[in-house]
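Here is how names work: the chains are called A, B, and so on, in the same order as the sequence lines, proteins then strands, and each is numbered from 1.
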Protein chains: 2
Amino acid sequence: MEAVRSITINDVAAKAGVSIKTVSRVLNREPNVKDDTRERVLAAVQELNYKPNVSARSLAGSRSYLIGVFFDNPSPAYNADVHMGAVLRCREAGYHLLVEPLDSTAADFASQLIPMLATLRVDGVLLTPPVCDSPVLLDALDAAQVPYVRVAPDGQLDRAAYVHMDDRRAAAEMTSHLIGLGHRDIGFIKGHPDHGASHLREEGFREAMKAHGVAVREDWVVQGWFSFQSGFEAAKTLLAAKDRPTAVFASNDDMALGVIAAAHQLRLTVPDDLSVVGFDDTPSARMVWPQLTTIRQPIANMAAAAADLLISGEMTTEDGAPASRLLDFELVVRDSTKPLKG
Amino acid sequence: MEAVRSITINDVAAKAGVSIKTVSRVLNREPNVKDDTRERVLAAVQELNYKPNVSARSLAGSRSYLIGVFFDNPSPAYNADVHMGAVLRCREAGYHLLVEPLDSTAADFASQLIPMLATLRVDGVLLTPPVCDSPVLLDALDAAQVPYVRVAPDGQLDRAAYVHMDDRRAAAEMTSHLIGLGHRDIGFIKGHPDHGASHLREEGFREAMKAHGVAVREDWVVQGWFSFQSGFEAAKTLLAAKDRPTAVFASNDDMALGVIAAAHQLRLTVPDDLSVVGFDDTPSARMVWPQLTTIRQPIANMAAAAADLLISGEMTTEDGAPASRLLDFELVVRDSTKPLKG
DNA sequence: CCGCGCCATGACAACGCTGTCAACGCGAAC
DNA sequence: GTTCGCGTTGACAGCGTTGTCATGGCGCGG
């Protein structure tokens with residue numbers, strides 16, 4: 001069978017009657033090409049349906065048109081959102097996405113990715129929690145001089161560009177929603193202490209309580225680990241006593257689902273006997289009854305914004321500080337919350 | 001700052017005192033290299049921590065060491081599992097994974113990916129449901145002469161290599177589990193009619209019922225669309241009547257969760273008043289109370305096996321038929337099933 | 001002892017593109 | 001009219017690897 005030789009820049013150059021370098025210039029949007037010439041080249045590209053070869057580009061030039069995504073997030077939904085958001089933005093810009101799951105518990109964790117960086121020459125990487133907060137990883141990336149953008153990082157914000165949302169304000173809004181419904185006895189389940197978002201969300205909760213002049217009952221603020229199980233257990237202690245909250249704010253959806261499960265088991269009806277809210281808007285939040293009131297994180301948008309920074313190369317602001325982007329969240333009111341009965 | 005020139009094959013060749021071609025031979029496991037020489041080269045590679053440049057390899061040779069994953073699956077958990085399984089196997093073999101979400105509802109659906117194939121020169125692609133059953137996509141891939149392996153395809157099995165599990169037998173086993181628990185009045189919620197798995201699962205259900213001599217009540221076999229909502233609605237009709245099944249087999253977990261939600265709403269207790277089972281073992285299956293009895297699909301393993309076929313190039317059996325691999329499922333018994341009370 | 005063939009190795013071109021630098025043409029400034 | 005400068009273009013050399021082909025050495029049979 002005849003090998004299908006693909007169309008090269010030479011073919012385009014010949015067709016347009018210019019040198020390959022000029023075609024290259026047009027393709028890379030370099031300045032100093034006459035409009036006339038540019039159009040002729042573009043026409044030839046169209047006609048031949050020419051697509052540049054990424055390998056050749058990356059070998060010859062300094063860009064690989066490849067962006068890596070490292071992740072070690074236990075939530076598949078989160079990862080999928082990230083991929084989706086990033087890949088869409090990448091596609092627009094002619095970039096492609098390389099996914100690399102990482103096992104951050106492995107001892108040789110950082111060494112897993114150095115070979116990849118060396119082999120692929122990615123133009124940048126996109127880091128999501130929790131790996132985006134690993135100093136080891138960040139150091140390795142810095143050493144390899146690979147640009148990176150962090151999504152929802154926790155601290156060390158001056159270290160590199162990042163994209164985030166206002167967890168604190170979101171938690172405050174959610175708390176206000178509960179208070180607006182008449183709730184005063186609100187329990188809070190904290191997230192994994194290693195995740196920065198946990199602290200932000202707790203702060204937001206406390207802030208809003210204070211702003212509304214509602215006291216926080218410290219024995220109703222319990223530790224969780226972002227897992228269904230931890231939410232389930234936290235809720236059991238929270239709800240077992242006669243003296244129990246009328247609403248529970250879990251720091252993420254998985255734990256909120258645990259709360260709902262615990263409530264079921266204790267024969268409490270949600271939302272009649274207990275309002276429950278979560279944070280994240282995972283797919284599971286809609287797969288229970290009652291469907292969960294929660295905060296929708298703009299995960300895909302954050303990933304897209306991060307990809308944007310990487311592609312445009314705007315990793316620092318004019319004064320040299322790391323660039324950042326703040327995206328909006330959304331309070332999604334569903335069926336797990338209800339005004340406190342008289 | 002001094003540019004960090006990375007280590008090339010030249011450096012290794014110099015250090016080992018051989019030509020670059022010999023290094024290349026060692027790296028590619030080509031024959032006709034003296035053991036002595038091979039060891040010397042390997043030592044130099046180790047010492048310099050040399051990593052071949054994928055772009056150069058792909059440009060010069062015929063392989064890109066890149067594998068693409070196309071997907072358009074609504075379930076993020078499914079996609080994540082696929083990525084994970086595939087990427088792990090790829091890593092072992094020095095390959096990398098490129099993810100490409102596809103919008104199969106878009107009109108120019110196939111044209112989205114042709115550029116990518118032309119640009120990236122991937123060595124193969126991995127197709128998951130539902131895109132793995134798109135004739136348009138398959139045709140495009142054939143035309144572009146890109147090898148591909150399908151995961152859990154529906155029909156046209158003689159068209160290309162694939163990896164699958166026995167949906168029918170799994171459904172039969174699940175049904176037997178229910179019957180073994182004493183259930184005779186079993187409702188069944190069908191999956192999306194466009195998914196091949198739907199039919200297989202229904203067949204397995206009917207087979208097992210027949211094998212145990214239990215009649216299928218056709219009015220208890222209702223259509224669903226694999227979504228929570230469709231399961232919820234199907235369950236409402238199923239459970240509303242006085243004369244209702246004691247167990248419901250939903251063709252996937254999302255629908256099973258819908259059934260549980262509907263049961264809650266109707267004040268039926270699962271599993272005391274009703275046993276519910278699903279299929280897939282999604283993360284959500286464990287985030288409800290009671291946790292769902294379901295079938296664990298070996299998604300990651302299927303993806304790994306598919307990557308395996310792609311990498312090894314064993315796309316056809318000796319007699320020219322497409323290669324295939326059958327993987328095992330697992331029946332996971334949790335809390336949503338219970339022996340029928342006396 | 002000569003010649004053939006195979007194993008082991010290397011020289012060199014090629015892959016498709018970008019970076020560098022030189023060259024050209026044309027209008028402005030002198 | 002000549003010079004200078006700038007906008008525009010092209011020639012050419014890599015980028016780091018693999019494919020092709022040539023070369024040299026060595027064992028073995030005649």
Over all atoms of both residues, closest heavy-atom pair of B/Thr8 and B/Tyr50
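Looks like C-CE1, 3.5 Å.
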Looking only at heavy atoms, what is the nearest atom pair of A/Asp133 and A/Arg150, with distance?
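Scanning both residues, the minimum pair turns out to be OD1-NH1, 3.5 Å.
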Residue pair B/Lys21/A/Gly17 against DNA chain D: nearer the 5' end by closest nucleotide is A/Gly17
Criterion side chain to side chain donor-acceptor pair (under 3.5 Å) on B/Ser58 and A/Ser55, from CA distance to verdict:
CA-CA 6 Å; B/Ser58 125; A/Ser55 296; 2.4 Å; yes
Between [X] ([atom1]) and [N] ([atom2]), how many Å, whole number?
X        : N      : atom1 : atom2 : value
A/Leu59  : C/dG19 : CG    : C1'   : 13 Å
B/Arg38  : C/dA8  : CZ    : P     : 9 Å
B/Asn10  : C/dG10 : CG    : P     : 13 Å
A/Ile9   : D/dA11 : CD1   : C1'   : 14 Å
A/Arg121 : C/dT18 : CZ    : P     : 17 Å
A/Lys51  : C/dC17 : NZ    : P     : 13 Å
B/Glu30  : C/dG10 : CD    : C1'   : 13 Å
B/Arg25  : C/dC7  : CZ    : P     : 13 Å

Of the options [options], whose atoms approach the side-chain atoms of [X] most closely?
X       : options                : answer
B/Ser62 : C/dT9, D/dG19, C/dC17  : D/dG19
A/Arg57 : D/dT20, D/dT9, C/dC17  : C/dC17
B/Tyr50 : C/dC17, D/dC15, D/dT17 : D/dT17

Does [X] have a side-chain nitrogen or oxygen under 4.0 Å from the phosphate oxygens OP1 or OP2 of [N]?
X       : N      : answer
A/Ser24 : C/dT18 : yes
A/Asn28 : C/dT18 : yes
A/Thr8  : C/dG16 : no
A/Thr37 : D/dT9  : yes
A/Ser19 : D/dT9  : no
A/Tyr65 : C/dT18 : no

Using a distance-only test with no angle check, is there a side-chain donor-acceptor pair under 3.5 angstrom linking B/Arg121 and A/Ser6?
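There is such a pair between these side chains.
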Assign A/Pro52 to base, sugar-phosphate, or nothing according to its heavy-atom contacts below 4.0 angstrom with the strands shown.
sugar-phosphate
For B/Asn53, report the nucleic acid contact type (base, sugar-phosphate, nothing); a contact means any heavy atom under 4.0 Å.
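If one applies the 4.0 Å heavy-atom cut-off, B/Asn53 turns out to touch the sugar-phosphate alone, with no base involved.
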Using modelled atom types only, decide if a donor and an acceptor are shared between the side chain of A/Arg89 and the backbone of A/Asp308 within a distance under 3.5 Å.
no
Hey, does the side-chain of A/Lys34 have a donor or acceptor N/O within less than 3.5 Å of a partner on the base of D/dG7?
no
If we only count heavy atoms from C-beta on, is the A/Arg57 to A/Asn28 side-chain gap below 4.5 Å?
yes
